[in-house]
> 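Can you keep this structure in mind? I'll have questions shortly.
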Amino acid sequence: MQGFVLHTQRVKDEDLIVFILSKKAIFKTYRFYGLRHSSILTGYKIDFALEENSRFLPRLKDVLHIGFYWLFQREKMLIWQDFIRLLYKHLNGVESIDNFYFELLNECVKKFDKQNPKRIIIDAYVRILEHEGRLHKKFTCFVCDEKITQNIVLVRAFLPAHYECIQSYGFNKDKLKEFYESKNSSVFDDDEINELYALIKEGL
């Protein structure tokens, strides 16, 4: 079985609680003597087995790390881990899940080697919003409930607003519309990418 490590939590001196996103579930597992084995870090993709325990969490065993070409590129790894932490907070408490999230992460790790990581995360973020039915394509201001005809201010989860209602960075409406349809952030310049990425870091 394969999955992405969403979160690890130290227990006692050496044991770990490890949350893993697989194709169909998020597993909360227990790993004994964590410090005596190879490292398991947030964002890692692993092959693993579970040993069921009727009185406690399933035991994580036979862990094999599936490496990425860019794994030791510090900046990319930090951006990746930030996104995984964001996803963990968003999915916290969920057990059964469809394979959308696993496949999305699979696509992202393949692109990280050659593409701008912030743009990859932005594209993934908008796909999550659409998948969950939370992508606001009609550009109605969430503050005053009126349509937006000029530049659009976005807040957390890309909620749209008028500049007059939320005085912040304004995005071109046509660019946003194209981005929401294509799920490709190439339409934005670097300044716009930095603004969108800053919004993403606020949460899903």
Side-chain angles (χ1 to χ4, degrees), residues 2-8 19-23 39-46 65-91 97-137 139 148 151-161 163 166 168-204:
Q2 294 185 354
F4 289 90
V5 177
L6 293 181
H7 180 68
T8 63
F19 294 82
I20 304 169
L21 170 68
S22 72
K23 285 186 177 182
S39 297
I40 293 183
L41 298 178
T42 298
Y44 276 18
K45 186 180 182 183
I46 59 173
H65 176 231
I66 302 171
F68 314 135
Y69 289 115
W70 47 268
L71 186 64
F72 298 106
Q73 297 180 38
R74 185 173 182 275
E75 183 180 354
K76 287 187 176 182
M77 191 59 182
L78 290 176
I79 289 173
W80 178 245
Q81 288 182 322
D82 281 346
F83 180 59
I84 295 297
R85 291 187 188 102
L86 191 80
L87 192 60
Y88 167 70
K89 290 179 181 178
H90 180 60
L91 298 176
I97 198 166
D98 62 49
N99 67 355
F100 167 82
Y101 301 93
F102 179 85
E103 297 301 339
L104 181 67
L105 296 186
N106 257 340
E107 291 177 27
C108 288
V109 296
K110 293 175 183 176
K111 294 176 181 177
F112 253 59
D113 188 40
K114 296 182 179 180
Q115 297 182 28
N116 182 310
K118 289 184 179 180
R119 291 181 180 271
I120 295 168
I121 297 303
I122 290 168
D123 294 348
Y125 187 89
V126 79
R127 288 176 62 186
I128 291 173
L129 292 178
E130 183 174 70
H131 178 74
E132 296 177 349
R134 298 191 293 126
L135 184 59
H136 296 265
K137 294 182 177 181
F139 301 130
I148 306 169
N151 283 359
I152 298 170
V153 173
L154 297 178
V155 298
R156 178 174 172 171
F158 289 2
L159 283 172
Y163 178 80
I166 302 287
S168 188
Y169 190 92
F171 293 91
N172 179 276
K173 183 178 179 181
D174 291 334
K175 281 188 175 183
L176 278 179
K177 185 176 181 181
E178 181 179 342
F179 171 52
Y180 287 176
E181 291 302 319
S182 68
K183 315 296 183 300
N184 188 327
S185 58
S186 61
V187 67
F188 298 117
D189 62 33
D190 289 344
D191 288 340
E192 291 167 323
I193 288 296
N194 288 332
E195 292 291 338
L196 288 169
Y197 185 71
L199 285 174
I200 286 174
K201 294 189 74 171
E202 294 180 9
L204 266 165

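Positions are given from 1, in the same order as the sequence printed here.
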> If I take atom CZ from residue Arg127 and atom OH from residue Tyr101, how far apart are they, to the nearest 0.5 angstrom?
12.0 Å
> Enter the distance from Thr42:OG1 to Arg85:CZ here, rounded to the nearest 0.5 Å.
5.5 Å
> Do Leu196 and Val126 have side chains that approach each other closer than 4.5 Å (heavy atoms only, starting at C-beta)?
no
> Could you tell me if the ring centre of Phe19 sits under 6.0 Å from that of Tyr88?
yes
> Step by step, would you call Glu130 with Lys137 a side chain to side chain contact (heavy atoms under 4.5 Å, CB included)?
CA-CA 9 Å; Glu130 183 174 70; Lys137 294 182 177 181; 2.8 Å; yes
> Check the pair His131, Asp98 against side chain to side chain contact (heavy atoms under 4.5 Å, CB included), reporting the backbone distance first and the verdict last.
CA-CA 11 Å; His131 178 74; Asp98 62 49; 3.1 Å; yes
> Check Asn172 against Asn151 and note the closest heavy-atom contact, atom names and distance.
CA-OD1, 3.8 Å
> Would you say that Phe158 contacts Leu176 through its side chain, given a criterion of any heavy-atom pair below 4.5 Å between the two side chains?
no
> Using 30° and 60° as the class boundaries, would you call the ring planes of Phe68 and Trp70 parallel, tilted or perpendicular?
parallel
> Would you name the heavy atoms of Arg119 and Ser185 that are closest together and state the gap between them?
NH1-O, 2.7 Å
> Please lay out, stage by stage, how Phe188 and Asn194 fare under the test side chain to side chain contact (heavy atoms under 4.5 Å, CB included).
CA-CA 10 Å; Phe188 298 117; Asn194 288 332; over 6 Å; no
> If you count every heavy atom of other residues, nucleotides or ligands that lies below 6.0 Å from Glu202 atom CD, does the total exceed 12?
yes
> Could you measure the distance from the OH atom of Tyr180 to the CZ atom of Phe139? Nearest 0.5 Å is fine.
5.5 Å
> How long is the straight-line distance from CG of Leu6 back to CG of Leu91, given to the nearest 0.5 Å?
7.0 Å
> Give me the atom names and distance for the closest heavy-atom approach of Ala157 to Leu129.
O-CD1, 3.5 Å
> Please lay out, stage by stage, how Asp174 and Lys177 fare under the test salt bridge (charged side-chain N to carboxylate O under 4.0 Å, His left out).
CA-CA 5 Å; Asp174 291 334; Lys177 185 176 181 181; over 6 Å; no
> State, to 0.1 Å, how close Gly43 and Phe4 come at their nearest heavy-atom pair, and which atoms those are.
O-CD2, 4.1 Å
> Closest approach of Ile84 and Val5, non-hydrogen atoms and distance?
CG2-O, 3.5 Å
> Does Leu204 reach the side chain of Tyr125, with side-chain heavy atoms less than 4.5 Å apart?
yes
> Working note: Ile120 + Ile79, criterion side chain to side chain contact (heavy atoms under 4.5 Å, CB included); need CA distance, chi angles, decisive distance, verdict.
CA-CA 10 Å; Ile120 295 168; Ile79 289 173; over 6 Å; no
> Are the side chains of Lys45 and Phe102 in contact, using a 4.5 Å heavy-atom criterion?
yes
> Hey, what do you get for CG (Leu87) to CG (Asp82), rounding to the nearest 0.5 Å?
12.5 Å
> Please say whether more than 12 non-hydrogen atoms of neighbouring residues, nucleotides or ligands are located less than 6.0 Å from OH in Tyr69.
no
> Rounded to the nearest 0.5 Å, what separation is found between the NZ atom of Lys76 and the CG atom of Leu71?
12.0 Å
> Can you find a heavy atom in the side chain of Asn106 that is under 4.5 Å from one in the side chain of Glu103?
yes
> For a 4.5 angstrom cut-off between non-hydrogen side-chain atoms, does Ile122 reach Phe179?
yes
> Indicate yes or no: at least one non-hydrogen side-chain atom of Ile148 is less than 4.5 angstrom from one of Val153.
no
> Main chain of Lys175, side chain of Glu178: is a donor-acceptor contact present, judged purely on distance under 3.5 Å?
no
> Identify the heavy atoms of Asp123 and Lys183 that sit nearest to each other, and give their distance.
CG-O, 3.2 Å
> I'd like to check Phe171 versus Glu195 (side-chain heavy atoms, cut-off strictly below 4.5 Å). Are they in contact?
yes
